[in-house]
Amino acid sequence: MYVAGVDIGSLTAKAVVLGEDRRAVLSRALVYTRWDAAAAGWAALGEALADLGAARSDLARVVSTGYGRRKLDGSDANFTEIVCHARGARFLEPATRTVVDVGGQDSKAMALGPDGKVADFVMNEKCAAGTGRFLEVMAHALGVDLAEFGALAVGVADPARISSTCTVFAESEVVSHVASGRPRAEIVAGIHEAIAARVASLARRVGVRDAVMMTGGVALNVGVVGALERMLGHSIAVHPDAQFAGAIGAALLS
Amino acid sequence: MSEEHGQRREIRSAVAYQKLMGRYYAGAKSAGKDGRKVAWITSGGPVELLHCFDVIPVYPENHGAMCGATRMSVPLCEVAEERGFSRDLCSYARGDIGSAITKGGPIGGLPRPDMLICCTNICGTVLKWYEELSRLFGCPLFILDTPFVRGTSSEHAIAYVEEQMREYVAFLETHTGKRFDEALFEEVAAKSIRSISLWREILACSEHRPAPMNCFDAFIHMAPVVTLRGTDEINVYYEQLLAEMRERVQAGISAVPEERHRLLWDNIPIWYEMSALSGLLASLGACLVADTYTSAWTFEQVDVADPMRTFALAYTEIFLNVNLERMVDKAVALAERYSAGGMIMHSNRSCKPYSLGQYDNAKAFTRRTGLPVLILEADHTDSRQYGRAQAEERIRAFVETLV
Ligand code: SF4
């Protein structure tokens, strides 16, 4: 038998399957959420199971998290992303004391006690600044594919300044940088700095302690991670499964 | 997995509450016909003297709460905004100005004031707000200025406020044509002390585990102590409510069906979200057992032997007029008395004196009690400042981390 965790976010749904001993991630899958959260959750889980040649009847427990978690009828329990990301991050890096999670529509910072329990957490305010959505809008404004966005800014010495925290205003700042002929890499680097600045202030609010781990899709963006490391003065651990941390935490809590 | 929404247990005395408040507002609305005068007064204003002159006190802030709870505030705020009032101004003020102009709201607006009583112990906003009302209605305005208290109030500050209490009496004599009756004042003061101590005892019932009522109940049943303290009717009503709460304590009846977490609340309620938040917290087994807001009307300084001076002291030292350390002391004391396991702070975009310093207060509170704090961003009546999905997510996460 297996256990599974499903993390249904605003942009993507992630599923992981673990053995019943909950010691290793045996398979993982990610699909776009689109309009039907439950369908996306089950689709991701279906893919992860197919990878193992397993079926739903082989699952002892399914636990969900993320914005769409309560839509997943048939799951055995659900928990908020806060506890799931904390658990998942500890699983990926047992020394973790600070977790920074930047997802599609929100970002959060958590301080963990020595025992891994969540001691404090903060989430971004009611706006898209400092979230994956911000990156998406900017990538679109620059005509760059989101997956290549991070690497574009590597090695830039003079990032363009994006001072507005509002996504809409920031987009017009980007447009005016483009119009003034600023190299694209510098603008991209500026965007990374802007998002990192918002996230850094969240992290500082809960207090930054090593090890710092970043989870969520934006963790795969080397530009943002680099900018955040510079701003916090701490190195940040990123695991290849960073995007699955929430789903892993859910599976561990199953 | 679906979640059942827990139900708040209804309070029997709510029927008497409805009647009491209904009579009060009906009386205020027909004051003109009955040949009585109406004063609009700020929530922290010394209302007792108005009762001595048979003036009916009306509270724009209480009305604002009603507009908020019925989700009627935003269009009223927009009226004020169209007139150039900034969205940064307290939404009670914007909503009230909007209602004064349009007669909008659940009761068709407040009765026209014959006079305005503004006490600055709650904030500086009320000063400009009441000046605006005075221009709008062309009626006299009395301003009672209470110096901010750091630590304890100084002798000269109390003397300064007491002197103004006497000016307030003179103002009322002028505008009602009645003479001040000292004996009546003592009588009203005694009744007011009774109202306040009954309210204090009602709130104290929730020290019991499980709590017989929660803050959502208190937010509703506080209206009489705000508007009618010092009168007989409120005391009769509070005696009934107190008896009901004691009965609940005896019988082990709880406000929240399965009380697993006891939390404090800081700041004014998010009026338009009362039922959603109350249902959510109940479904999570969380009970708000005490708050810094409803307990603001439990001051203990008043003494019938010297009402003028002791009221001056009590009104100067109310919760919003003291330094942050005293605010933290109060939250810490509540956490101890009510055996709370954490605190939810509403960072209220409208109310600066209440919300400024909350991040520091939260830190100090956690340092002293070891208890976690959740800060929720919202506004007490302007629902445009509230994101339900985010707020509910934070609350769920907070409660999960308590276990
Ligand atoms: S700012 Fe605060 S104290 Fe002042 S009127 Fe508004 S809610 Fe009341």
Side-chain angles (χ1 to χ4, degrees), chain A residues 6 9-10 38 41 61-87 99 101 103 105-113 115-128 131 201-202 204-207 246 249-250 253-254, chain B residues 1-5 87 261 270 273 276 279-281 283-286 341-349 355 358-367 369-379 382-403:
Chain A
V6 183
S10 60
R61 307 244 325 145
V62 178
V63 170
S64 54
T65 185
Y67 266 95
R69 69 182 183 279
R70 278 175 294 137
K71 300 260 163 52
L72 198 73
D73 286 319
S75 77
D76 296 297
N78 70 77
F79 296 97
T80 60
E81 290 165 272
I82 296 292
V83 293
C84 291
H85 275 274
R87 274 301 280 274
V99 182
D101 170 60
Q105 71 178 23
D106 65 12
S107 49
K108 37 196 157 322
M110 291 151 254
L112 310 188
D115 56 354
K117 222 180 144 271
V118 178
D120 196 4
F121 70 90
V122 288
M123 292 162 100
N124 65 310
E125 269 106 61
K126 308 174 284 286
C127 109
T131 69
S201 84
L202 285 183
R204 282 194 210 99
R205 253 201 260 165
V206 296
L253 288 164
S254 68
Chain B
M1 192 185 76
S2 70
E3 232 163 53
E4 285 168 46
H5 262 226
R87 265 179 83 160
H261 307 286
I270 305 172
E273 276 296 289
L280 173 67
L281 286 163
S283 75
L284 299 172
M343 173 158 66
I344 298 180
M345 294 181 117
H346 165 203
S347 172
N348 183 350
R349 177 137 184 96
S355 309
Q358 257 173 335
Y359 282 89
D360 288 317
N361 285 2
K363 275 204 191 112
F365 176 82
T366 299
R367 187 166 15 85
T369 60
L371 299 175
V373 175
L374 174 73
I375 298 182
L376 275 190
E377 307 231 352
D379 184 283
D382 188 343
S383 55
R384 294 169 297 181
Q385 302 288 354
Y386 183 67
R388 181 185 281 174
Q390 276 115 326
E392 295 196 347
E393 198 62 8
R394 282 162 171 76
I395 292 174
R396 287 176 200 277
F398 184 65
V399 174
E400 274 177 11
T401 61
L402 292 174
V403 277

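Convention: sequence-line order gives letters A, B, ...; per-chain numbering from 1.
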Visitor: When heavy-atom pairs shorter than 4.5 Å are enumerated against chain B, which of Arg205(A), Met123(A), Lys108(A) gives the highest number?
Guide: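 Highest number of pairs under 4.5 Å: Met123(A).
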
Visitor: Among all residues two or more places apart in sequence or in another chain, which pass the side-chain hydrogen bond (donor to acceptor under 3.5 Å, both in side chains) test with Arg388(B)?
Guide: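 Result, side-chain hydrogen bond (donor to acceptor under 3.5 Å, both in side chains) vs Arg388(B): Glu273(B).
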
Visitor: Of the non-hydrogen atoms in Val373(B) and Asp120(A), which two are nearest, and what is the gap between them?
Guide: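 The answer is O-OD1, 4.3 Å.
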
Visitor: Whether Glu393(B) and Arg69(A) form a salt bridge (side-chain N of Lys/Arg under 4.0 Å from carboxylate O of Asp/Glu) is what I want to check.
Guide: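 Looking at Glu393(B) together with Arg69(A), the answer is yes, because their closest N to O distance falls below 4.0 Å.
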
Visitor: So, Glu400(B) side chain and Thr80(A) main chain: donor-acceptor pair closer than 3.5 Å or not?
Guide: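 Yes, the answer is positive, given that a donor and an acceptor are paired below the 3.5 Å cut-off.
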
Visitor: Quick one: what part of Phe398(B) sits under 4.5 Å from any heavy atom of chain A, side chain, backbone, both or neither?
Guide: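 Both backbone and side chain.
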
Visitor: Ser347(B): what forms a side-chain hydrogen bond (donor to acceptor under 3.5 Å, both in side chains) with it, not counting sequence neighbours?
Guide: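 Scan of Ser347(B) (side-chain hydrogen bond (donor to acceptor under 3.5 Å, both in side chains), adjacent residues dropped) gives none.
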
Visitor: Quick one: what part of Ile375(B) sits under 4.5 Å from any heavy atom of chain A, side chain, backbone, both or neither?
Guide: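 For Ile375(B), there is no contact with chain A at all, as no heavy atom is under 4.5 Å.
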
